[in-house]
Amino acid sequence: MPGGQLLCVAVLKTLTEIRTTEYHLGLLKAKLAKYRAQLLEPSKSSAAKGEGFDVMKSGDARVALIGFPSVGKSTFLSLMTSTASEAASYEFTTLTCIPGVIEYKGANIQLLDLPGIIEGAAQGKGRGRQVIAVARTADVVIMMLDATKGEVQRALLEKELESVGIRLNKSKPNIYFKPKKGGGISFNSTVTLTQCSEKLVQLILHEYKIFNAEVLFREDCSPDEFIDVIVGNRVYMPCLYVYNKIDQISMEEVDRLARRPHSVVISCGMKLNLDYLLEKLWEYLALTCIYTKKRGQRPDFTDAIILRKGASVEHVCHRIHRSLASQFKYALVWGTSTKYSPQRVGLTHMMEHEDVIQIVKK
């Protein structure tokens with residue numbers, strides 16, 4: 001056989017082996033995700049009663065403060081809120097969930113100081129399950145890290161949160177998935193897939209005992225992301241990595257940490273860079289302040305309506321009173337969302353930060 005043909009045969013054989021390995025890896029990932037979920041399910045008989053974790057959600061947003069013991073979480077809570085959380089130089093000073101409120105730009109942001117996470121928290125070590133369960137209910141996670149050993153702590157905490165279905169700074173995979181009663185597996189994609197194939201998708205679905213479903217990939221996703229879509233209980237949330245104790249490291253190291261994505265450097269002991277952290281937190285919460293105005297009067301800048309970014313006039317009406325939208329005639333809006341001030345708008349008009357609105361009823 002000529003050398004060229006031998007080379008082609010060798011290449012085809014190698015490609016076949018690579019594809020086979022990819023299928024096996026995808027299948028193993030599906031099995032691992034399935035067994036991990038079963039292991040992490042707490043048994044009803046051994047469920048321990050915990051105190052201080054059932055905190056009622058209040059304010060305009062909730063922020064969970066997580067990190068390893070003795071990284072400065074309690075000191076940070078005491079500095080940012082009027083709540084005094086016990087702080088000491090030894091580990092495990094905080095044993096329950098302590099809530100506080102940050103008042104910023106007219107919004108009340110609930111900040112939860114959670115007990116320090118240790119390695120193996122996802123399996124229940126150090127009350128880890130309760131801590132992570134509270135973190136899942138937050139709008140933003142602040143991961144407090146010790147700047148002197150931040151890299152190791154960050155990797156371990158990300159691993160713990162990843163294993164219980166919390167995806168940090170990631171968007172939900174753009175995959176349409178719908179189980180059916182019959183008709184087999186219908187697979188389509190609107191983009192070229194480099195990480196998943198139809199065969200691999202079928203193997204993963206069969207592992208979850210799903211034999212009839214509609215699957216549509218709208219982006220090039222990995223097998224892990226497809227498994228997340230099938231499981232359906234993943235939480236996608238923004239996270240700020242806050243490196244504390246920067247007064248104990250060199251300026252070069254501070255500069256390197258500050259340039260990392262989603263990262264802020266602070267010092268609670270010397271009260272450094274806390275203002276910038278609040279600005280970043282506001283940005284990650286994606287909140288907007290809307291002010292109201294009565295006819296013939298000046299706007300009320302003392303009491304703002306706090307809404308999520310992308311809120312419409314209808315959302316403002318519902319926040320003021322649930323029956324206001326049905327009595328709505330039109331609204332006058334002053335601010336950056338309008339072409340001219342005031343502009344007459346309808347219910348679908350999108351509001352922007354610090355807009356002023358006057359609602360006219362029928």
Side-chain angles (χ1 to χ4, degrees), residues 15-16 18-44 57 62 64 121-123 129 132-141 157-239 261-262 284-286 308-312 315:
L15 285 170
T16 308
I18 290 168
R19 283 185 188 130
T20 310
T21 309
E22 283 175 355
Y23 292 142
H24 285 305
L25 276 172
L27 202 56
L28 284 170
K29 283 176 180 177
K31 284 182 178 178
L32 276 170
K34 190 179 169 185
Y35 295 143
R36 191 185 287 125
Q38 289 171 2
L39 279 170
L40 294 178
E41 246 175 56
S43 58
K44 291 177 184 176
K57 200 167 185 177
R62 173 180 270 196
Q123 283 76 38
R129 277 211 183 102
I132 290 168
V134 173
R136 284 176 72 96
T137 66
D139 299 302
V140 169
V141 167
L157 282 170
E158 282 177 339
K159 184 185 168 188
E160 292 297 328
L161 296 176
E162 187 89 10
S163 66
V164 291
I166 296 175
R167 304 288 180 257
L168 302 176
N169 298 320
K170 289 180 183 176
S171 55
K172 196 173 180 180
N174 196 357
I175 300 171
Y176 173 77
F177 170 70
K178 185 182 179 182
K180 299 188 295 183
K181 290 182 179 178
I185 293 168
S186 169
F187 176 84
N188 280 299
S189 66
T190 57
V191 293
T192 305
L193 300 180
T194 60
Q195 304 174 73
C196 272
S197 65
E198 186 173 354
K199 187 180 175 183
L200 181 55
V201 166
Q202 287 177 348
L203 285 169
I204 292 170
L205 288 171
H206 290 171
E207 184 59 39
Y208 281 91
K209 303 289 187 287
I210 299 168
F211 303 100
N212 302 289
E214 271 184 62
V215 180
L216 173 62
F217 277 68
R218 295 194 183 100
E219 63 179 354
D220 188 16
C221 295
S222 66
D224 289 319
E225 289 173 320
F226 180 57
I227 290 164
D228 285 349
V229 171
I230 297 168
V231 176
N233 64 350
R234 305 308 192 217
V235 178
Y236 299 86
M237 61 172 65
C239 173
H262 313 293
Y284 275 60
L285 285 167
R308 295 278 170 198
K309 200 169 276 184
S312 65
H315 291 114

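Below, each value reflects all heavy atoms present in this structure, side chains not excepted, and no hydrogens, waters or symmetry copies.
Between the CZ atom in R136 and the CG atom in N233 there is a gap of 5.5 Å [rounded to 0.5 Å]. For the atom pair C239 SG and L157 CG, the distance stands at 9.0 Å (nearest 0.5 Å). A distance of 7.5 Å separates CG of D228 from NZ of K170, quoted to the nearest 0.5 Å. With rounding to the nearest 0.5 angstrom, the CG atom of L203 is 8.0 Å from the OG atom of S197. Note: R167 CZ to M237 CE = 11.5 Å, rounded to the nearest 0.5 Å. A distance of 8.5 Å separates SG in C196 from CD1 in I227, rounded to the nearest 0.5 Å.
Two residues are said to be in side-chain contact when any heavy atoms from C-beta on lie closer than 4.5 Å; T192 and D220 fail this criterion. Between E198 and L193 there is no side-chain heavy-atom pair separated by less than 4.5 Å. Residues F177 and L205 form a side-chain contact, since some pair of their non-hydrogen atoms from C-beta on lies under 4.5 Å apart. Looking at F217 and V201, their side chains come closer than 4.5 Å, going by heavy atoms from C-beta outward. Proximity of Y176 to T190: side-chain heavy atoms (C-beta onward) are nowhere separated by under 4.5 Å. Two residues are said to be in side-chain contact when any heavy atoms from C-beta on lie closer than 4.5 Å; H262 and Y284 meet this criterion.
Salt-bridge check for E225 with R234: failed, with every basic side-chain N at 4.0 Å or more from each acidic carboxylate O. Residues D139 and R308 are paired through a salt bridge, judged by an N-O separation under 4.0 Å between the basic side chain and the carboxylate.
P173 and E219 make their closest contact through CA-OE2, 3.4 Å (heavy atoms, listed as atom of the first residue, atom of the second, distance). Across every non-hydrogen atom of I204 and P223, the tightest pair is CD1-CB, 4.1 Å. Residues I175 and V215 share a closest heavy-atom pair of CG2-CG1, 4.4 Å.
By the neighbour-count criterion of 12 heavy atoms within 6.0 Å, atom NZ of K172 is sparsely surrounded, having that number or fewer from other residues, nucleotides or ligands.
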Inset, instruction - Take F226 and L200, measure what side-chain contact (heavy atoms from CB on, under 4.5 Å) needs, and give me the verdict at the end. - result: CA-CA 10 Å; F226 180 57; L200 181 55; over 6 Å; no
